[in-house]
Amino acid sequence: MIYILSQMALLFGVVIIGFGSAKLGVWPASLNKPISTFVLKVTAPMLILSSVMGDGLVFERDEIIGILWVAVVNYLVIFPLAMLTPWAWTLCGRLFKRDGRPSMEEYLRGQLRFMTAFGNVTFIGFPVVSAIFGPRALFYAAVLTIPFNLLMYTIGEVFIAGGNPAGAIKRKHLLSPCTVAAAMTVVLAFFKLDYPPLMVRFFHLVGDMTIPAALIIIGSTLAGMPKRAMLGSWFGYRVSAVRLILVPAVVWLVLWALGTDPFTMQVAVVLSGMPVGVNGVMFCLKYEKDERLMAQTIFLSTALSMLTIPIMAMIIK
């Protein structure tokens, strides 16, 4: 649990660097959009590809199929929750009242769906499952996140861009660098290719730039917000409750009812309880949506996950 908390502290440290740099004028807000574009088109695809490269990442085909089945079930649970969350939010009378609007606008519904569906499985999820379940869990986490990457850079991007995911996915989404990279990981995993060590280090070196860059952008965005807005948003707390408690609870119930292998189920449930994914801010910048709400919720959900993840891990085990 100390290791888990240390990973959270590392994440906050990078966010604080972005926050301080923006306050001091070292990182102007004008950098956020071009760097987010660079991350989405260059470093993030290489991070996805690097997830199946490295020592010990040898995938047996039957094992891959079994874990992918769990991943599919996982998102068959999470996506209906994401689609229903704005409707349930309104039904319960918990409307988003920052400026007195009677109901959520469509772009806010899209952001809420993204926050519900996609957690920070790479930077927090991988180290956390390794600390809780051991190095073997990294293999399972890498396979479980293959569909995650495919969905985030197609349906997830549509959530932020706006529109109905069933009819709004266009060729540009299917052929985006991250989507292509996610599809390639499936092929690479099945063929068990042996990569030159220099190539592995290269992909990891460039891909590892993704998370620090995203966290600095979050810190820079938070620097432009009042302190009260960072910690005083009831919207952010409610979303955090959905993402950190409701989603993993429902995933656990469904996988348990299906008689899923306990180890695979435990890894999948812990990954489903991660805080809101940092890619949401970059998608907001790409489509010129209000990124402040996304950055605020990422900050709050990450802070609260320092409490919920250790508790969830103890209950699951």
Quiz item: Quick one: are C284 and Q111 in side-chain contact, heavy atoms under 4.5 Å?
Solution: yes

Self-check item: Check against side-chain contact (heavy atoms from CB on, under 4.5 Å), K33 and K286
Solution: CA-CA 7 Å; K33 186 170 182 178; K286 178 179 179 179; 5.9 Å; no

Practice problem: Would you give the length of the straight line joining atom CE of M152 to atom CD1 of I160, rounded to the nearest 0.5 angstrom? | Solution: 9.5 Å

Practice problem: Work out which heavy atom in M274 is nearest to a heavy atom in R243; give both atom names and the distance. | Solution: O-NH1, 2.7 Å

Quiz item: Would you say W256 has more than 12 foreign heavy atoms packed within less than 6.0 Å of its CH2?
Solution: no

Practice problem: Report the C-alpha separation of T154 and V158 in whole Å, then their side-chain angles, then the decisive distance to 0.1 Å, and conclude whether the side-chain contact (heavy atoms from CB on, under 4.5 Å) test is met. | Solution: CA-CA 6 Å; T154 51; V158 172; over 6 Å; no

Practice problem: To the nearest 0.5 angstrom, please state how far the OG1 atom of T37 sits from the CG atom of L285. | Solution: 8.0 Å

Practice problem: State, to 0.1 Å, how close I309 and G273 come at their nearest heavy-atom pair, and which atoms those are. | Solution: CG1-O, 4.2 Å

Return a table of donor-acceptor pairs under 3.5 angstrom between the side chains of residues 209-217 and protein atoms on other chains or two or more places apart.
residue : atom : partner : partner atom : Å
T210    : OG1  : T43     : O            : 3.1
T210    : OG1  : T43     : OG1          : 3.0
T210    : OG1  : A44     : N            : 3.3
T210    : OG1  : G207    : O            : 2.8

Quiz prompt | Test item: F202 and M46 side chains (from C-beta on) under 4.5 Å apart, heavy atoms | solution = yes

Quiz item: So which pairs with a foot in residues 258-270 pass salt bridge (charged side-chain N to carboxylate O under 4.0 Å, His left out), sequence neighbours left out?
Solution: none

Exercise. Group every Ile, Leu, Val, Met, Phe, Trp and Tyr by side-chain heavy-atom contacts under 4.5 Å, then state whether L205 and F203 land in the same group.
Key: no

Self-check item: D208 and H204, any side-chain heavy atoms less than 4.5 Å apart
Solution: yes

I'd like a table of donor-acceptor pairs (distance under 3.5 Å, sequence neighbours excluded) in which one partner is a side-chain atom from residues 14-29, with atom names and distances.
residue : atom : partner : partner atom : Å
S21     : OG   : I17     : O            : 2.7
K23     : NZ   : A223    : O            : 3.1
W27     : NE1  : N32     : OD1          : 2.9

Quiz item: Any link between V72 and V267 through a network of hydrophobic side chains (Ile, Leu, Val, Met, Phe, Trp, Tyr) touching at under 4.5 Å?
Solution: no

Exercise. Measure the NZ-OG distance between K41 and S36 for me, rounded to the nearest 0.5 Å.
Key: 10.0 Å

Self-check item: Side chains of F114 and M294 in contact at under 4.5 Å (non-hydrogen atoms)
Solution: yes

Quiz item: When rounded to the nearest 0.5 angstrom, what is the spacing between CG in L293 and CE in M115?
Solution: 4.0 Å

Self-check item: Worked check of side-chain contact (heavy atoms from CB on, under 4.5 Å) between L144 and L271
Solution: CA-CA 9 Å; L144 285 167; L271 285 177; 4.0 Å; yes

Exercise. Give a yes or no answer on whether the side chain of R113 reaches the backbone of F159 with a donor-acceptor pair at less than 3.5 Å.
Key: no

Quiz item: Shared ILVMFWY cluster between M199 and M184, side chains joined below 4.5 angstrom?
Solution: yes

Exercise. Identify whether L258 and I65 are in the same connected component of the hydrophobic contact network (ILVMFWY, side-chain heavy atoms under 4.5 Å).
Key: yes

Exercise. Look up atom CG in L112 and atom CE in M83, then write down how far apart they are to the nearest 0.5 Å.
Key: 11.0 Å

Quiz prompt | 4.5 Å side-chain heavy-atom contact, M265 and I316 | solution = no

Quiz item: If you measure from CG on L304 to OG on S240, what distance do you get to the nearest 0.5 Å?
Solution: 5.0 Å

Quiz item: Nearest heavy-atom pair of L40 and P45: which atoms, and what distance?
Solution: O-CD, 3.6 Å

Practice problem: Kindly determine whether N120 and T302 satisfy side-chain contact (heavy atoms from CB on, under 4.5 Å), including the steps that lead there. | Solution: CA-CA 9 Å; N120 192 348; T302 303; 5.5 Å; no

Exercise. Quick one: sort the F79 and Y75 rings into parallel, tilted or perpendicular, breaks at 30° and 60°.
Key: tilted

Quiz item: Shortest non-hydrogen contact from L244 to S301?
Solution: CD1-O, 3.5 Å

Quiz item: Heavy atoms, side chains only, cut-off 4.5 Å: are F118 and V276 in contact?
Solution: no

Quiz item: Is the closest side-chain heavy-atom distance between M312 and P248 below 4.5 Å?
Solution: yes

Quiz item: Mind checking whether I298 and V281 have side chains closer than 4.5 Å, heavy atoms only?
Solution: yes

